[in-house]
Each structure stands twice: as structure tokens, then as C-alpha cells.
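This report refers to the structure that appears directly beneath it.
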Amino acid sequence: MSGSEPPVPETRVLAVASHVVSGYVGNKIAVFVLQALGCDAAALNTVQFSNHTGYKQWKGTRVSAQEITDLFEGLKQSYLDDFEMMLSGYIPGAEAVGAVGNIAKELKEKSKGTPGKFFWVLDPVMGDNGRLYVAEEVVPAYQSLIPYADLILPNQFEAEVLSDVKIVDMDTLTQAIQVLHEKYRVPHIVITSVNLLAPDHPPSHLSVVGSSMTSGGRARLFKIVFPAIDCYFSGTGDMFAALMVVRMRQAVAEVPGLGQRPSWLSDDDTPTLELPLARAAERVLASMNEVLSRTKEGMPKDLKPKTADQNSHLAATKAAELRLVRHLDCLRSPKVEFKARVV
């Protein structure tokens, strides 16, 4: 890829996630990343907040399921629903999750006669660190939608909730991914921020574990181990998801004919490390590592409160906002250091 040439063919993406006036989470990250890497991104915002909730104070509103439906109907009436991909992130409430799911189902049905024409990346945002931060009825709402998704991006806790498997080591992680493939028939899975005790997984490291299933529904697992940056950041999951959209599209485009196959699934004899999902994850983590490193470097000047009224929590939370706009090189041409290995 040259410095000015986008890594993906022309791609129109519907990004459904939260919006904040200031800061970088949800669609504020997703749309920027998608556009910076050459995609035509349309933003359907599920909340409109002044800032993200990590500040512990914010103003704004959540959209209703009807508003989500109305916005999409508005796109349709002007023939603006010509999306090749969809990314869905945070959605407030079970009814709204259903409304977003209906949009994805409709777009998938619309492309039914053309395999590979539409691809849905679903980030089932439900909780982390052992607890839900959405209402309990959101869980079955997501469970009903996952069979329609092409790629899901749960974190370790969300993978446990969806698979009903407690993940404590690589064996149980493998079991959880196999359950997700079999139970939901979801073609591609990436579990983010995996923290396990394993010989190849030092305590100071994290993993991303992914799988693209075979035609018979069997997992083909790979793992990427990388050093954790000992620091709190906001918006990392949203950035990971947006980058996966682009890099998956790129990796599939590099394999002749794969983009015309259902869910972009590779032949069964494709080596695991040559799966587009593995190639995409390597590039995504390269960008993530560079952006987080640059963000950490810039933190010290923001950690000190600027005024007497700005307490240390507010200053630290602002310092944790990802530094994206000044580091486009990290998004467009990162150096891949952490390679996938077969599990």
C-alpha cells in the first residue's frame, strides 16, 4: 500500500454506536478510524452525551428503539442504505438492540442473492471484569442476534456470558469459542483482552484469540500475545472494532474471490495463520499498540488538574482519551510486531 492509497476497496459502512461531544469513544472513534482508512462511514448514534461516562458526570440523552428505526427508514427513503458493511457497538437497552438487529437483518436479506456483499461486525457490548453494565434483558437480545452476525468481538467476560463457559485457561477458552461457533453458527470470532495463566502468557501480557470456523463448524484458533501497557485508556474496544472492520475487508480483498463467498469464509484447507481474520488481527494490534504508546507518552502533561475545580479524577480521565488525530501514521501504516500463532 502506498502512503496515499487506502488499504481497502471503496466500502460504505454503517456505524451504529454511542456519540460524545468531547473525547474518543463509540462512533467518535469508529467514524474517524473508518474514514482515515478510506471507508465511507455513515454514523447512526445510539446516545448523545457530552462526554463518556467514565468521567462520572455527563449530560445528554439515549435514543429510543423507534428513533433508531426512524433514522434507518430515513436513509432508505433516499436510497442511502447501500452498505457493504455494518459495525454495531454500544446500544442502550434490549428494545434498541432489537431495532439495530432488525437493520442488520434487513441489510443481510437485501444482499441475499449476492454472497459476500454484506458483512456485519457485532461488538456485543454488555460488560467487563466479571459484571454486566447493561440491563439483564440485553443479554438474550444479543443472543438472538448473533446467528445473523458474520464476526463478533466479545471481551473475555462477554464470551463467557454468551457461551455459558467460564474461561480460566486455554482449554476453556477453546471450548467457549467452539460453543459460540456451534450454538450460534457465527463464522468469525475474536475475543479481545484475554487474560490467562499460561506458559506462553506472562502476567504482564494480554492475548487476542480468534477463530474462523470450517464448513463443518469447527474452530480454527489462533492467538496473538502482546505486552500490556500498564495504564488505563478509554475507547480501546471501540478502536479495536473499527480497525477490525477495515483490516478484515483488506485481508479478504487480498485473496482472489474470497469477497464473493458467504461471510468471507476461507476454504477448509486454508492454514490457520493465513486466515484473513488472523492477518487482520495482527494489523489491528499493531495500530493499537502504537496509538496506546503515543497516548501514554502524552499523559503526564494532562494529569495535573488545570483549575482548582477540576479534580484529579477528571484530569486522569481526560488524559486517558486516545490520541488519534495527530497520529494517523499509527492507523494507516503500523509496524506489525506481534504475530499470530496456532492454538
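Any value given below was found using the heavy atoms of this structure, including those in side chains, with hydrogens, waters and symmetry copies removed. Position 1 is the first residue of the sequence, and the numbers go up from there.
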Could you walk me through whether S293 and I229 pass the side-chain contact (heavy atoms from CB on, under 4.5 Å) check?
CA-CA 8 Å; S293 297; I229 297 176; 3.7 Å; yes
Between V161, I146, I191, which is the residue that forms a side-chain contact (heavy atoms from CB on, under 4.5 Å) with P154?
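Going through the options one by one, the only one that passes is I191.
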Contacts of type ring-ring contact (aromatic ring centres under 6.0 Å, His included), residue Y55, not counting sequence neighbours
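Result, ring-ring contact (aromatic ring centres under 6.0 Å, His included) vs Y55: H52.
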More than 12 non-hydrogen atoms from neighbouring residues, nucleotides or ligands closer than 6.0 Å to [atom1] on [X], yes or no?
| X | atom1 | value |
| --- | --- | --- |
| D230 | CG | no |
| K117 | NZ | no |
| E95 | CD | no |

For V16 and I103: C-alpha separation, side-chain torsions, deciding distance, then whether side-chain contact (heavy atoms from CB on, under 4.5 Å) applies.
CA-CA 10 Å; V16 184; I103 292 171; 5.7 Å; no
Geometric class of the F32/Y24 ring pair [parallel <30°, tilted 30-60°, perpendicular >60°]:
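Ring orientation of Y24 relative to F32: perpendicular.
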For the residue pair [X] and [Y], establish whether any side-chain heavy-atom pair is separated by less than 4.5 Å.
| X | Y | answer |
| --- | --- | --- |
| M86 | V100 | yes |
| F240 | V208 | yes |
| V13 | V121 | no |
| N45 | V63 | no |
| L292 | C231 | no |
| Q250 | R279 | no |
| D238 | K28 | no |
| K105 | L145 | yes |

Taking [Y]'s backbone N and O only, do any of them form a donor-acceptor pair with [X]'s side chain (distance below 3.5 Å, no angle check)?
| X | Y | answer |
| --- | --- | --- |
| D169 | T172 | yes |
| T295 | R323 | yes |
| E158 | N155 | yes |
| Q178 | G217 | yes |
| S18 | Y90 | no |
| H181 | S212 | no |
| R220 | M213 | yes |
| W264 | L258 | no |
| R294 | H327 | no |
| S287 | V284 | no |

Using side-chain hydrogen bond (donor to acceptor under 3.5 Å, both in side chains) as the criterion, list what pairs up with D164, not counting sequence neighbours.
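Checked D164 against side-chain hydrogen bond (donor to acceptor under 3.5 Å, both in side chains); zero matches.
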Mind checking what makes side-chain hydrogen bond (donor to acceptor under 3.5 Å, both in side chains) contact with E106, not counting sequence neighbours?
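Result, side-chain hydrogen bond (donor to acceptor under 3.5 Å, both in side chains) vs E106: K76.
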With distance as the sole criterion, is a donor-acceptor pair present between the side chains of D70 and Q66 under 3.5 Å?
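Yes, because at least one side-chain N or O of D70 sits under 3.5 Å from a partner of the opposite role on Q66.
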Mind checking the [atom1]-[atom2] spacing from [X] to [Y]? Nearest 0.5 Å is all I need.
| X | Y | atom1 | atom2 | result |
| --- | --- | --- | --- | --- |
| D128 | S193 | CG | OG | 7.0 Å |
| T236 | M239 | OG1 | CE | 9.5 Å |
| M288 | C330 | CE | SG | 11.5 Å |
| D171 | L173 | CG | CG | 9.5 Å |
| N195 | Q156 | CG | CD | 6.5 Å |
| T11 | R249 | OG1 | CZ | 3.5 Å |

Please tabulate, for the side chains in residues 130-139, all donor-acceptor contacts under 3.5 angstrom to protein atoms that are two or more places apart in sequence or on a different chain.
none

Minimum heavy-atom distance between [X] and [Y], given as atom pair plus value:
| X | Y | answer |
| --- | --- | --- |
| F222 | A340 | CD1-CB, 4.1 Å |
| E297 | P300 | O-CD, 3.4 Å |
| A278 | I224 | O-CD1, 4.5 Å |
| R332 | A36 | NE-O, 3.0 Å |
| S163 | A176 | OG-CB, 3.5 Å |
| S88 | W120 | OG-NE1, 3.0 Å |

What residues form a salt bridge (charged side-chain N to carboxylate O under 4.0 Å, His left out) with E282, not counting sequence neighbours?
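Salt bridge (charged side-chain N to carboxylate O under 4.0 Å, His left out) list for E282, sorted by chain: K339.
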Which residues pass the salt bridge (charged side-chain N to carboxylate O under 4.0 Å, His left out) test with E182, sequence neighbours left out?
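Listed in chain order: R218.
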One pair to check against side-chain contact (heavy atoms from CB on, under 4.5 Å): L221 and K223. What are the steps and the verdict?
CA-CA 7 Å; L221 285 101; K223 175 167 68 171; over 6 Å; no
Any carboxylate oxygen within less than 4.0 angstrom of a Lys/Arg side-chain nitrogen, looking at [X] and [Y]?
| X | Y | answer |
| --- | --- | --- |
| E84 | R12 | no |
| E254 | R283 | yes |
| D150 | K108 | yes |

Please check if [X] and [Y] belong to a single hydrophobic cluster, counting links between Ile, Leu, Val, Met, Phe, Trp and Tyr side chain heavy atoms closer than 4.5 Å.
| X | Y | answer |
| --- | --- | --- |
| Y148 | V125 | yes |
| I167 | I152 | yes |
| L44 | V20 | yes |
| V179 | L122 | no |
| I29 | Y232 | no |

May I have the step-by-step check of side-chain contact (heavy atoms from CB on, under 4.5 Å) for L162 and Y184, ending in yes or no?
CA-CA 9 Å; L162 294 170; Y184 301 103; 4.2 Å; yes
